[in-house]
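Everything on this sheet refers to the single structure shown next.
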Amino acid sequence: MRYVARVASEPEHQHLFDSSDLGEVVVDAATLQARVVELGAAITRDYAGRAPLLIGVLKGAAMFMADLTRSIALPLEVDYMAVSSYGNATRTSGVVRIVKDLDIDLTGRDVILVEDIVDSGLTLSYLRKTLAARGANSLEVCALLVREGLQKTDEELHYVGFRIPPKFVIGYGLDFAERYRNLPYVCVFEGEG
Ligand code: IMP
Ligand code: MG
């Protein structure tokens, strides 16, 4: 089943972030929250009897992780990694660097890698390769957003929140130059990239 984002405007939030950078809403707050609950329920079912380790990719996946983990009814554990791939630009550099590594040993663990958005897929393919070499029992990916059509690598994405059109988006953890992560919805960035 495919989940395509519903377009809605959220004027009640828009005035809080008085900025011409904010474009069309791609996923509104209520739709986001409902889908995160569905993803959590799916993970709860799929990992019944196990204690998965959820790894959030900072900083973009922070909001998603906070909501997703609270929708999973399992004795899970949480860790975070930070990678840098974008700088302040809206285009990928193709270079991925681990800025903060994991604290928890992956040996024998059922790992779920939690990503904010898969664009070219370069970040994900690098993380998959790196984590696969660390002795996990299983490794799946849960991505809130997947930008349609631009993946350069053929990564298998087990859990996907929404497939979105090829525009740069901000909000719910996603930034432009570190701003707008605190928007409660995802919208198109209309500013100068
Ligand atoms: P990829 O390596 O091209 O797949 O890029 C993945 C990373 O780039 C994501 O984890 C985000 O941090 C960042 N990114 C990609 N697209 C967007 C966007 O539309 N808005 C904000 N950040 C983005
Ligand atoms: Mg990211």
Side-chain angles (χ1 to χ4, degrees), residues 3-7 13 17 19-29 31-32 35-36 39 54-68 78-102 111-132 139-193:
Y3 291 84
V4 178
R6 181 165 64 88
V7 176
H13 292 304
F17 304 90
S19 167
S20 58
D21 289 350
L22 304 189
E24 183 181 60
V25 174
V26 175
V27 192
D28 64 85
T31 306
L32 265 178
R35 183 69 185 126
V36 171
L39 290 171
L54 273 75
I55 298 177
V57 184
L58 294 171
K59 303 172 195 172
M63 313 307 184
F64 182 35
M65 272 286 274
D67 289 335
L68 180 67
V78 167
D79 205 349
Y80 289 94
M81 275 183 105
V83 298
S84 96
S85 60
Y86 262 70
N88 282 350
T90 56
R91 280 170 304 145
T92 187
S93 64
V95 178
V96 180
R97 192 165 55 91
I98 294 180
V99 176
K100 182 227 170 282
D101 210 333
L102 299 170
V111 174
I112 304 173
L113 186 61
V114 180
E115 258 282 28
D116 52 357
I117 181 167
V118 178
D119 182 12
S120 67
L122 288 170
T123 304
L124 194 56
S125 72
Y126 172 82
L127 286 176
R128 268 193 117 115
K129 240 179 285 159
T130 305
L131 298 182
L139 175 59
E140 297 293 353
V141 174
C142 180
L144 178 69
L145 305 173
V146 175
R147 182 169 288 118
E148 285 278 308
L150 300 183
Q151 285 75 35
K152 296 189 185 91
T153 56
D154 180 29
E155 295 287 356
E156 201 191 299
L157 302 170
H158 202 86
Y159 304 100
V160 172
F162 302 92
R163 302 192 183 264
I164 64 165
K167 287 179 180 169
F168 194 84
V169 293
I170 50 175
Y172 196 65
L174 291 144
D175 72 308
F176 172 74
E178 298 300 331
R179 293 278 184 92
Y180 304 121
R181 295 189 195 277
N182 60 323
L183 288 170
Y185 52 86
V186 174
C187 71
V188 173
F189 176 71
E190 292 286 8
E192 298 288 304

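Just so you know, ligand 1 is whichever comes first in the structure, and atom 1 is the first atom listed for that ligand.
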side-chain contact (heavy atoms from CB on, under 4.5 Å) evaluation trace for Val141 with Arg128: CA-CA 9 Å; Val141 174; Arg128 268 193 117 115; 3.5 Å; yes
Suppose I only count heavy atoms of [X] and a 4.0 Å limit; which atoms of ligand 1 are within that range?
X: Arg147; value: 16 (N), 17 (C), 18 (C), 19 (O)
X: Thr123; value: 1 (P), 2 (O), 5 (O), 6 (C)
X: Ser120; value: 1 (P), 2 (O), 3 (O), 4 (O)
X: Glu115; value: 10 (O)
X: Asp175; value: 21 (C)
X: Leu122; value: 2 (O), 4 (O)

Does any part of the side chain of [Y], heavy atoms only, come nearer than 4.5 Å to the side chain of [X], both counted from C-beta?
X: Asp175; Y: Lys59; answer: no
X: Tyr80; Y: Val57; answer: no
X: Val96; Y: Leu127; answer: no
X: Leu157; Y: Leu124; answer: yes

Filtering Asp116, Leu127, Val188 for the heavy atom nearest atom 12 (O) of ligand 1 leaves Asp116
Polar contact flag for Val118 and ligand 1 (N/O pairs, less than 3.5 Å):
no
Polar-atom distance check: Val169 versus ligand 1, any N or O pair below 3.5 Å? yes
At under 4.0 Å between heavy atoms, what of Ile117 touches ligand 1? The answer is both
Can [X] be said to touch ligand 1, with heavy atoms closer than 4.0 Å?
X: Ile170; answer: no
X: Gly121; answer: yes
X: Lys59; answer: no

Practice item. Assess whether side-chain contact (heavy atoms from CB on, under 4.5 Å) is satisfied between Met81 and Leu131, documenting all intermediate values. Key: CA-CA 11 Å; Met81 275 183 105; Leu131 298 182; 4.1 Å; yes
Under a 3.5 Å cutoff, is there a donor and acceptor pairing between the side chains of Tyr172 and Asp116?
no
Q | Polar side chain donor-acceptor pair, Thr31 to Tyr185, under 3.5 angstrom | A | no
- request: Take atom NZ of Lys167 as the centre, draw a 6.0 Å sphere, and report whether it contains more than 12 heavy atoms from other residues, nucleotides or ligands.
  value: no
